[in-house]
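Keep in mind that what you see is a predicted model, and the values were worked out from it rather than measured. Whatever order the structure lists ligands and atoms in, that order sets their numbers, starting from 1.
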Amino acid sequence: MMDFGAGLLRGLPAETAHDAGLRLARAMGPFLPKAAPDDPRLAVTAFGLTFPNPLGLAAGFDKNASVPDAMARFGFGFVECGTVTPRPQAGNPRPRLFRLPQDGAVINRMGFNNGGMERAAANLGRRSGSGLVGINIGANKDSADRISDYEKAFSRLAPLADYVTVNVSSPNTPGLRGLQNRDELTGLLGKLVALRGARKIPLLLKIAPDLDEHAQDEIADVVRQSGIEGLIVSNTTIARPALKSPHAAETGGLSGRPLFEPSTRMLAAMHARLNGAVTLIGVGGIASGADAYAKIRAGASLVQLYSALALQGPSLVARIKSELLACLARDGLARLTDAIGKG
Ligand SMILES: Cc1cc2nc3c(=O)[nH]c(=O)nc-3n(C[C@H](O)[C@H](O)[C@H](O)COP(=O)(O)O)c2cc1C
């Protein structure tokens with residue numbers, strides 16, 4: 001039934017389908033059946049939180065935190081909302097979201113379209129569910145002081161979330177990825193760590209997959225010294241491997257299957273660099289239990305996806321979880337956490 005709805009949406013232009021899906025989730029949320037309780041072998045404890053399963057919804061699907069509880073009902077172990085900027089902004093002109101079904105991929109140049117932090121705060125304040133929710137924050141495109149934008153969004157939204165992700169890796173806000181440089185990143189993370197009060201909310205950094213070895217070394221150093229709890233690898237890529245779909249040449253960030261290899265390679269490389277100093281979340285091209293398991297073996301404690309959900313529909317969530325259990329049984333492991341970093 002859920003995937004029948006997803007099938008109908010697939011006939012619409014990508015962003016129209018996404019908006020309709022969000023409205024549907026918002027209207028139907030309270031009436032959706034709850035996903036079956038998770039097998040305890042899938043539970044993961046990370047940065048002080050216990051996740052019922054390791055599969056999260058990646059940022060970008062629920063930019064305004066309007067449907068985290070509905071998405072939790074599909075069986076996600078956690079939902080990351082955002083990216084939220086301090087002020088509302090329209091994002092780039094449409095069309096700005098493209099499906100590449102032959103490649104199992106998506107290209108987007110949304111540009112942080114969102115209703116701003118007050119809207120997200122109001123939505124989070126109205127929640128009735130108790131699933132784990134992260135909030136992903138960013139800077140407005142026309143901001144004169146980007147670091148202060150992160151401080152504003154952090155101060156407003158951290159009290160309403162279980163963790164906060166600092167997004168410095170969207171390719172669709174000019175100059176944003178420059179914040180991944182050593183000095184800028186040290187300054188940004190230092191300010192946010194200083195802003196945390198007694199309730200030390202977990203802080204995560206989300207990075208791009210398009211970083212050379214030197215940049216990866218620098219980020220690992222900054223992350224280790226900053227006192228933050230986690231690293232999300234990765235955002236979409238500006239690279240264009242060979243693609244078959246007509247939209248292949250669109251400008252923006254590429255996600256889905258072609259991102260699996262490079263993002264997993266980078267995850268493993270950051271795992272080797274950080275050696276357990278922080279929790280890693282693996283994102284990029286997950287469309288099966290085997291994909292999620294590969295990220296976990298590469299060092300991820302948790303994983304997230306977005307594109308495969310858009311292309312395949314929500315029954316994917318239950319399938320990935322049961323495939324993960326099959327991977328554990330095959331490898332003779334008692335629980336998922338035994339597989340972390342064993343690749
Ligand atoms: C349409 C779209 C919008 C996105 N928006 C955001 C965003 O606002 N913030 C962010 O950190 N990542 C955003 N992402 C990136 C995803 O969170 C994820 O890192 C990336 O898509 C790779 O995962 P996937 O291959 O499973 O889609 C977006 C991705 C897509 C496809």
Side-chain angles (χ1 to χ4, degrees), residues 13-19 21-22 55-65 71 76 78-85 89 91-92 94-100 103-115 120 134-141 150 153 163-173 176-177 179-180 204-210 231-239 241 247 250 252-264 266-267 281-288 291-292 294-295 300 302-312 316-317 320:
E15 189 167 352
T16 314
H18 178 257
D19 292 346
L22 270 183
L55 181 60
L57 177 59
F61 180 88
D62 187 6
K63 299 241 187 206
N64 295 314
M71 300 318 290
F76 284 107
F78 62 111
V79 175
E80 186 167 312
C81 301
T83 295
V84 181
T85 56
Q89 67 180 27
N92 289 320
R94 298 185 189 211
R96 54 193 179 175
L97 175 60
F98 306 90
R99 295 191 201 92
L100 287 71
D103 300 295
V106 170
I107 291 177
N108 93 83
R109 51 171 178 270
M110 306 298 287
F112 287 173
N113 57 306
N114 79 107
I135 193 88
N136 176 308
I137 58 172
N140 280 107
K141 182 179 178 183
Y150 285 92
Y163 71 86
V164 174
T165 298
V166 182
N167 178 13
V168 286
S169 48
S170 167
N172 300 313
T173 297
L176 191 88
R177 287 170 301 154
L179 292 172
Q180 294 175 120
L204 280 59
L205 176 72
K206 183 167 179 180
I207 59 174
D210 310 309
L231 187 67
I232 306 188
V233 185
S234 72
N235 215 311
T236 56
T237 179
I238 52 170
H247 291 307
E250 291 291 347
L254 174 71
S255 55
R257 198 195 303 140
L259 181 58
F260 179 77
E261 271 271 343
S263 62
T264 308
M266 182 144 149
L267 171 70
I281 300 188
V283 203
I286 294 177
S288 70
D291 295 339
K295 298 265 190 203
L302 301 163
V303 296
Q304 295 175 322
L305 61 76
Y306 179 167
S307 298
L309 178 78
L311 295 167
Q312 297 185 34
L316 176 73
V317 179
I320 288 181

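At a cut-off of 3.5 Å, with distance as the only test, no side-chain donor of K141 or T85 sits close to an acceptor on the other residue. For the residue pair S288 and D291, a side-chain donor N or O sits within less than 3.5 Å of a side-chain acceptor on the partner.
Residues forming a ring pair (Phe, Tyr, Trp, His ring centres under 6.0 Å) with Y163 (at least two apart in sequence, or on another chain): F47. Applying the salt bridge (Lys or Arg N to Asp or Glu O under 4.0 Å) criterion to R96, with sequence neighbours excluded, gives E15. Partners of F78 by ring pair (Phe, Tyr, Trp, His ring centres under 6.0 Å), not counting sequence neighbours, listed by chain and number: F51.
The only option from N235, T236, T237 that meets the side chain to side chain donor-acceptor pair (under 3.5 Å) definition with D210 turns out to be T237.
Within 4.0 Å of ligand 1, the residues that place a heavy atom are A58, A59, G60, K63, G82, T83, L97, V106, N108, N136, N167, K206, S234, N235, T236, S255, G256, L259, V283, G284, G285, L305, Y306, S307, listed by chain and number.
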